[in-house]
Number of protein chains: 2
Amino acid sequence: MISLTEENYLKALFNLANHAGEVNVNELSKQLSIKMPTVTSMMKKLAEKKLVHYESYKPLRLTEKGKKEAGLVIRKHRLTEMFLVDKMGFGWEEVHDIAEQVEHVRSVVFFDKIDELLGFPKIDPHGAPIPDKNGKFAWIAYDKLSDCHAGETVRVSAVIHTSSEFLKFLNNREIRLGTKIKIKSVESFDGSMVVSYDNRSADTLSHTVCERLLVEKE
Amino acid sequence: MISLTEENYLKALFNLANHAGEVNVNELSKQLSIKMPTVTSMMKKLAEKKLVHYESYKPLRLTEKGKKEAGLVIRKHRLTEMFLVDKMGFGWEEVHDIAEQVEHVRSVVFFDKIDELLGFPKIDPHGAPIPDKNGKFAWIAYDKLSDCHAGETVRVSAVIHTSSEFLKFLNNREIRLGTKIKIKSVESFDGSMVVSYDNRSADTLSHTVCERLLVEKE
DNA sequence: CTACGATGTTAGATATACCTAACAAAATGT
DNA sequence: ACATTTTGTTAGGTATATCTAACATCGTAG
Ligand SMILES: [Mn+2]
Ligand SMILES: [Mn+2]
Ligand SMILES: [Mn+2]
Ligand SMILES: [Mn+2]
């Protein structure tokens with residue numbers, strides 16, 4: 001049995017993992033706002049449960065079992081977010097905190113029903129992939145808008161670091177998943193972009209914003 | 001702040017309260033499957049928080065504040081059950097255990113949205129009243145079917161002691177809220193009733209079943 | 001009216017999940 | 001290479017929510 005607390009650690013470990021699947025105690029501690037000694041002792045417990053590979057002073061890695069369990073929690077989180085947006089009428093900026101709680105509900109039928117009512121969605125309201133029932137992710141390779149060039153036309157496919165403030169900013173600019181953006185110019189000075197989309201003919205997006213928008217080239 | 005555990009105690013206290021609003025430690029202990037010493041110490045904590053009137057060896061009583069908080073938890077529980085049945089397609093026998101978890105979600109907008117999507121329902125899928133936003137109940141006086149007499153025609157308005165098994169039994173007999181029942185005869189021997197409803201012309205319902213069905217006379 | 005069974009409390013223990021203070025190891029910069 | 005900073009661990013403590021064993025009180029049946 002994996003506790004609510006353990007589920008949150010697994011999710012954070014998965015989300016922080018680098019290319020090599022490694023996470024430092026310090027990063028995890030900051031992510032969860034839990035002090036390092038507490039994290040260390042939880043890692044020892046998760047290692048006992050074969051969910052994490054733990055060796056003193058070495059980076060943390062999820063085991064295969066740990067990845068699967070993390071995937072299943074993320075699945076519940078993202079299905080919940082999608083349900084809140086598509087079936088209940090919440091904005092994409094409102095759903096994360098609610099999903100953070102609902103993801104811990106223990107009921108297979110509950111999430112199966114959500115999945116079914118949504119028509120077995122593959123992505124959540126922020127464009128992130130929803131893991132399958134085995135906790136497996138179908139990775140999709142998007143580009144950051146900040147890595148694109150003047151003259152290109154792209155479509156917004158996902159947002160990263162989805163704070164409520166950032167999402168409200170996008171709401172104000174009327175940028176959502178699917179918005180088709182033409183890059184008119186890029187300021188080499190600060191990386192900001194002048195773009196056009198929908199009825200807006202010349203909006204400026206800061207580098208900070210462009211880094212957080214994942215796009216597909218047309 | 002009221003913890004998940006405290007919410008469950010408050011709900012149980014409310015549901016067990018007799019005419020005088022009193023509950024014994026022993027009853028509460030059995031209801032929650034938690035040993036008496038644990039219950040005693042939790043009652044002291046709830047008394048500190050002004051949610052329960054506690055005196056050694058006296059029956060437990062919720063304070064006004066305690067009743068309000070209990071009402072609010074029951075509100076969340078029953079709104080959840082109604083949503084699961086009406087909007088998600090679960091059967092009334094499936095929803096209690098899921099609601100037992102979802103009721104602890106801390107989000108005013110979440111339950112407000114559920115309430116709105118349901119059209120501000122007054123009763124849950126088992127016919128129990130849904131408290132208002134101040135935790136106040138609108139009590140409705142129903143009769144037990146077992147207190148009715150041969151020749152009377154009644155409509156099923158609520159079910160009590162809503163175990164999954166009992167609700168599945170009612171599903172098999174095609175008895176639901178709103179079913180109009182004619183009492184053809186009552187066995188004085190064991191209190192069982194011969195009734196007709198819908199297409200069924202002579203079904204027998206045991207006293208145990210009749211006690212658990214709340215009805216309105218036509 | 002008292003003895004006994006039921007009910008309730010106290011005392012002390014355990015598990016989980018968190019903390020701070022102190023110490024140890026690793027990484028970094030001059 | 002060594003001092004300093006950053007990262008990580010150990011030791012020991014707290015709060016919550018549970019338990020069992022022992023003791024106390026209550027209610028009632030004889
Ligand atoms: Mn989220
Ligand atoms: Mn969470
Ligand atoms: Mn219920
Ligand atoms: Mn509950």
Side-chain angles (χ1 to χ4, degrees), chain A residues 1-13 15-62 66 69-70 73 100-101 103-106, chain B residues 1-13 16-18 20-62 66 69-70 73 100-101 103-106:
Chain A
M1 193 79 299
I2 298 176
S3 72
L4 181 151
T5 305
E6 290 165 346
E7 285 191 339
N8 285 335
Y9 277 91
L10 290 175
K11 202 152 56 79
L13 278 164
N15 288 328
L16 289 175
N18 61 20
H19 54 90
E22 294 179 340
V23 182
N24 300 322
V25 173
N26 194 26
E27 293 172 71
L28 185 53
S29 165
K30 281 173 183 149
Q31 172 81 13
L32 294 169
S33 302
I34 287 171
K35 296 290 180 288
M36 282 204 290
T38 307
V39 171
T40 297
S41 68
M42 180 59 80
M43 288 310 103
K44 289 176 176 173
K45 192 181 8 156
L46 294 182
E48 289 268 300
K49 293 192 176 191
K50 306 291 183 201
L51 293 163
V52 166
H53 293 295
Y54 175 77
E55 288 177 88
S56 284
Y57 298 105
K58 296 264 171 67
L60 306 165
R61 277 175 310 115
L62 286 169
E69 295 299 337
V73 181
E100 201 60 46
Q101 300 179 64
E103 71 190 356
H104 303 293
V105 167
R106 273 167 223 289
Chain B
M1 194 77 300
I2 298 175
S3 71
L4 180 151
T5 306
E6 289 166 348
E7 285 191 340
N8 284 335
Y9 277 92
L10 290 174
K11 202 153 55 81
L13 277 164
L16 289 175
N18 62 21
E22 295 180 340
V23 182
N24 300 320
V25 173
N26 194 25
E27 294 172 73
L28 185 52
S29 165
K30 281 171 184 151
Q31 171 81 13
L32 295 168
S33 303
I34 287 172
K35 296 289 180 290
M36 282 204 288
T38 307
V39 171
T40 296
S41 68
M42 180 59 79
M43 289 308 103
K44 289 177 177 172
K45 190 178 14 152
L46 294 181
E48 289 268 300
K49 294 193 176 188
K50 306 290 183 203
L51 293 163
V52 166
H53 294 294
Y54 175 78
E55 289 176 89
S56 286
Y57 298 104
K58 297 264 171 66
L60 307 164
R61 277 175 309 115
L62 285 169
E69 295 298 338
V73 181
E100 200 61 46
Q101 300 179 63
E103 71 190 357
H104 304 293
V105 167
R106 274 169 222 289

ask   = Can we say B/Lys50 and B/Glu69 salt-bridge, meaning some charged N sits less than 4.0 Å from an Asp/Glu carboxylate O?
value = no
Separation of [N] [atom2] from [X] [atom1] (nearest whole Å):
X	N	atom1	atom2	result
B/Lys30	C/dA6	NZ	C1'	9 Å
B/Met43	C/dT7	CE	P	17 Å
B/Glu27	C/dG8	CD	C1'	13 Å
B/Glu55	C/dT9	CD	C1'	15 Å
A/Asn26	C/dA26	CG	P	16 Å
B/Lys44	C/dG8	NZ	P	13 Å
A/Met36	D/dT7	CE	C1'	5 Å
A/Asn8	C/dT16	CG	C1'	15 Å

key: Interatomic distance, A/Glu55 atom CD to A/Leu60 atom CG [nearest 0.5 angstrom]   = 10.5 Å
Taking all atoms of both residues into account, what is the closest heavy-atom pair of [X] and [Y], and its distance?
X	Y	result
A/Glu7	A/Glu103	OE1-O, 4.0 Å
B/Val39	B/Ser29	CG2-CA, 3.8 Å
A/Leu51	A/Leu10	CB-CD2, 4.1 Å

message = Heavy atoms only, 4.0 Å cut-off, all strands: where does A/Lys58 land among base, sugar-phosphate and nothing?
response =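 Here A/Lys58 touches no strand at all.
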key: Terminal axis angle for the helix from C/dC1-D/dG30 to C/dT30-D/dA1, five pairs an end, nearest 10 degrees   =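 The two end axes of the helix from C/dC1-D/dG30 to C/dT30-D/dA1 meet at 10°.
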request  = Verify the contact: side-chain N or O of A/Thr40 to OP1 or OP2 of D/dG8, cut-off strictly under 4.0 Å; return yes or no.
outcome  = no
key: Any A/Tyr54 side-chain nitrogen or oxygen under 4.0 Å from OP1 or OP2 of D/dT9   = yes
Is there a side-chain contact between [X] and [Y] in this structure, where contact means two heavy atoms from C-beta onward sitting under 4.5 Å apart?
X	Y	answer
B/Leu32	B/Tyr9	yes
B/Met43	B/Thr40	no
B/Met42	B/Thr5	yes
A/Asn8	A/Glu100	yes

ask   = When the nearest nucleotide of DNA chain C is assigned to A/Ser56 and to A/Lys35 on a heavy-atom basis, which residue is associated with the more 5' position?
value = A/Lys35
message = The side chain of B/Tyr57 is closest to which nucleotide in this list: D/dT7, D/dA24, D/dG8?
response = D/dA24
remark   = For nucleotides 11-17 of chain D, 5' to 3', base contacts (B), sugar-phosphate-only contacts (S) and non-contacts (-) with protein non-hydrogen atoms under 4.0 Å give -----SS
